[in-house]
Protein chains: 2
Amino acid sequence: MKRASELDRLDLRMLQALQHDGRITNKELAEKVNLSPSACHQRLQKLIQDGWVDGFIGRINIDRLCRPVQCIATISLGSHAPDTFRFLEQRIEAIPEVMEAWTVSGGCDFIVRFICSHMTRYMELSNSLIQMCPEISNINTHVILKESKKFRGYPVDELMNPKGL
Amino acid sequence: MKRASELDRLDLRMLQALQHDGRITNKELAEKVNLSPSACHQRLQKLIQDGWVDGFIGRINIDRLCRPVQCIATISLGSHAPDTFRFLEQRIEAIPEVMEAWTVSGGCDFIVRFICSHMTRYMELSNSLIQMCPEISNINTHVILKESKKFRGYPVDELMNPKGL
DNA sequence: TACCAAACCGAATTTTATTCGAAGCAATAA
DNA sequence: TTATTGCTTCGAATAAAATTCGGTTTGGTA
């Protein structure tokens, strides 16, 4: 299996193309990177098999389906014992309405993004977290007014070829 | 074009399947929702064409490609004039290293998620924001230690069939 | 019951995916 | 320089999937 430094220009261009359109056909992808369909197919299978690609998701237009309440909560713990972290992390992960969550350093310990059918539901969820984890010292809720920038893939160029190095 | 309330059970199941695997074949999707491939194909095209699906993204395993620094910044403004908001929002959007950004209410005005090749680059970016927008009163940086939960699609069931209604 | 529109189905056709053997290419050792 | 080796590519053949289309079913309505 290749290491990251062994991925060549074609591999990276394929990954970028897949980020941009996860449903691109192998034939189109091959044209885009100037390979024959068979060679491209072999590379693509290998990229997926070796875990460079994490999966493909169809993004649904959730705001057209319903009018959800979205919140970002910053959670602070009183105790920083590893067990406490793990426990809360697992509980957070298990909540379907949690879309993303991060363990962070800075002014708090977790940052969690929720999407809920209504505000009361969000309150239920945050209350349940407080109840099941008394070590939580603070939850600060930020209601999302607008998604200013949606995730559209990682900036592979900037990350792989950082300026000034 | 259908309205949200006119999407039936099959449409929703298709959207959920696409969230889970954006590269699922039409044939597999048809089996999953108990339709003939042709009927499923027609529905899928219509769902995409009518904008229920926002696009397809291949998720790449960025931590295998490099060792990026990821941060979440909370930004507060001194002036809440609409022009100030719009200006900063546009500048934030334009930064390739900004993966996601939200306008929020609560203890701050924007929450922004960065991915950078190294910490110095992050500092450059946050400094540049402060320079170009003097109305920023505070930026609080949270370094991401761990992605506790990755986005895996919206909880369609919970959002469309909220408990207690 | 008769009619209509929408959705579905199955078969036919077109396009794409997948497989596979042969050829090209670069690095290495003789 | 010349063989050898391993890896990648290519193109053709085959398998599978997508797409189209005419006919049928279905559900609602007059």
Side-chain angles (χ1 to χ4, degrees), chain A residues 1-62 64-66 153 156-157 160-161, chain B residues 1-62 64-66 153 156-157 160-161:
Chain A
M1 188 187 306
K2 281 180 182 173
R3 286 175 295 134
S5 58
E6 292 168 330
L7 292 182
D8 64 15
R9 202 171 41 83
L10 291 185
D11 292 317
L12 292 180
R13 279 171 62 195
M14 287 176 65
L15 290 175
Q16 288 182 80
L18 289 168
Q19 278 202 124
H20 181 259
D21 176 10
R23 235 178 139 77
I24 189 174
T25 64
N26 176 65
K27 185 169 168 273
E28 289 171 321
L29 188 58
E31 282 168 10
K32 191 160 288 196
V33 299
N34 274 95
L35 271 180
S36 69
S38 55
C40 181
H41 178 261
Q42 189 180 356
R43 275 183 185 248
L44 178 54
Q45 296 305 312
K46 194 152 182 52
L47 284 174
I48 294 173
Q49 185 200 324
D50 290 353
W52 299 105
V53 179
D54 205 7
F56 297 90
I57 59 180
R59 298 196 55 133
I60 69 180
N61 204 333
I62 196 68
R64 253 191 163 173
L65 275 181
C66 55
V156 174
D157 282 335
M160 301 297 286
N161 304 305
Chain B
M1 188 189 305
K2 282 181 181 173
R3 285 175 295 134
S5 59
E6 293 169 329
L7 291 181
D8 63 15
R9 201 171 41 82
L10 291 185
D11 291 317
L12 291 180
R13 279 170 61 195
M14 287 175 64
L15 291 176
Q16 289 182 77
L18 289 168
Q19 278 201 128
H20 180 259
D21 176 10
R23 236 179 140 76
I24 189 173
T25 64
N26 177 65
K27 183 168 169 275
E28 289 170 321
L29 188 58
E31 283 166 11
K32 191 160 288 197
V33 300
N34 274 93
L35 271 180
S36 70
S38 56
C40 181
H41 179 259
Q42 189 180 358
R43 275 185 185 248
L44 178 53
Q45 295 305 312
K46 195 153 181 49
L47 283 173
I48 294 172
Q49 185 199 326
D50 290 354
W52 299 105
V53 179
D54 205 7
F56 297 90
I57 294 186
R59 301 195 54 135
I60 70 180
N61 204 333
I62 197 68
R64 255 192 161 171
L65 275 181
C66 54
V156 174
D157 282 335
M160 301 298 283
N161 305 305

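Below, each value reflects all heavy atoms present in this structure, side chains not excepted, and no hydrogens, waters or symmetry copies. Chain naming here is simple, since letters A, B, ... match the order of the sequence lines and numbering starts at 1 in each.
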Problem - Sub-4.5 Å side-chain heavy-atom contact between A:L18 and A:F56 - result: yes

Handout entry: Beyond-backbone contact of A:L65 with B:L15, side-chain heavy atoms, under 4.5 angstrom
Key = yes

Exercise for the section: Check DNA chain D against residues 15-33 of chain B and give the residues with a non-hydrogen atom under 4.0 Å, in numerical order. Expected result: B:T25, B:N26, B:K27

Problem - Exercise: identify the closest heavy-atom pair between A:M1 and A:E6 - result: O-OE1, 4.3 Å

Between the protein and nucleotides 10-12 of chain C, are there any N/O to N/O pairs under 3.5 Å, and if so, what are the atom names and distances?
unit_1: C:dG10; atom_1: N7; unit_2: B:S38; atom_2: OG; d: 3.4
unit_1: C:dG10; atom_1: O6; unit_2: B:S38; atom_2: OG; d: 2.8

Problem - Rounded interatomic separation in angstrom, taking NE2 from B:H41 and P from C:dT13 - result: 18 Å

Problem - Integer-rounded Å distance: C:dT19 C1' and A:Q42 CD - result: 11 Å

Practice task
Not counting sequence neighbours, list each pair that qualifies as a salt bridge (Lys or Arg N to Asp or Glu O under 4.0 Å) and has a residue in residues 14-28 of chain B.
Solution key: B:K27-B:E31

Problem - Span of DNA chain D in contact with chain B (heavy atoms, under 4.0 Å) - result: D:dA17 to D:dT20

Practice task
Any chance you could lay out the side-chain contact (heavy atoms from CB on, under 4.5 Å) test for B:M14 and B:V33, step after step, and finish with the verdict?
Solution key: CA-CA 7 Å; B:M14 287 175 64; B:V33 300; 3.8 Å; yes

Which atom pairs, one a donor and one an acceptor, fall under 3.5 Å between side chains of residues 44-53 of chain B and the rest of the protein, sequence neighbours left out?
unit_1: B:K46; atom_1: NZ; unit_2: B:D50; atom_2: OD2; d: 3.3

Practice task
Would you classify B:Q45 as touching base, sugar-phosphate or nothing, given that sugar-phosphate means primed atoms plus P, OP1 and OP2, and contacts are heavy atoms under 4.0 Å?
Solution key: sugar-phosphate

Exercise for the section: State, with a plain yes or no, whether a side-chain heavy atom of A:V156 is found less than 4.5 Å away from one of B:I60. Expected result: yes

Exercise for the section: May I ask you to decide if A:H41's main-chain N or O and A:N26's side chain share a donor-acceptor pair within less than 3.5 Å? Expected result: yes

Problem - Partners passing salt bridge (Lys or Arg N to Asp or Glu O under 4.0 Å) against A:R9 (at least two apart in sequence or in another chain) - result: none

Handout entry: Between C:dA7 (P) and B:M14 (CE): distance, integer Å
Key = 13 Å

Practice task
Using whole Å, report how far CD of A:Q49 lies from P of C:dT18.
Solution key: 13 Å

Handout entry: Any pair counted as salt bridge (Lys or Arg N to Asp or Glu O under 4.0 Å), so long as it reaches residues 33-44 of chain A, sequence neighbours left out
Key = A:D8-A:R43, A:D11-A:R43

Handout entry: Under 3.5 Å donor-acceptor, A:Q42 side chain and A:A39 backbone
Key = no

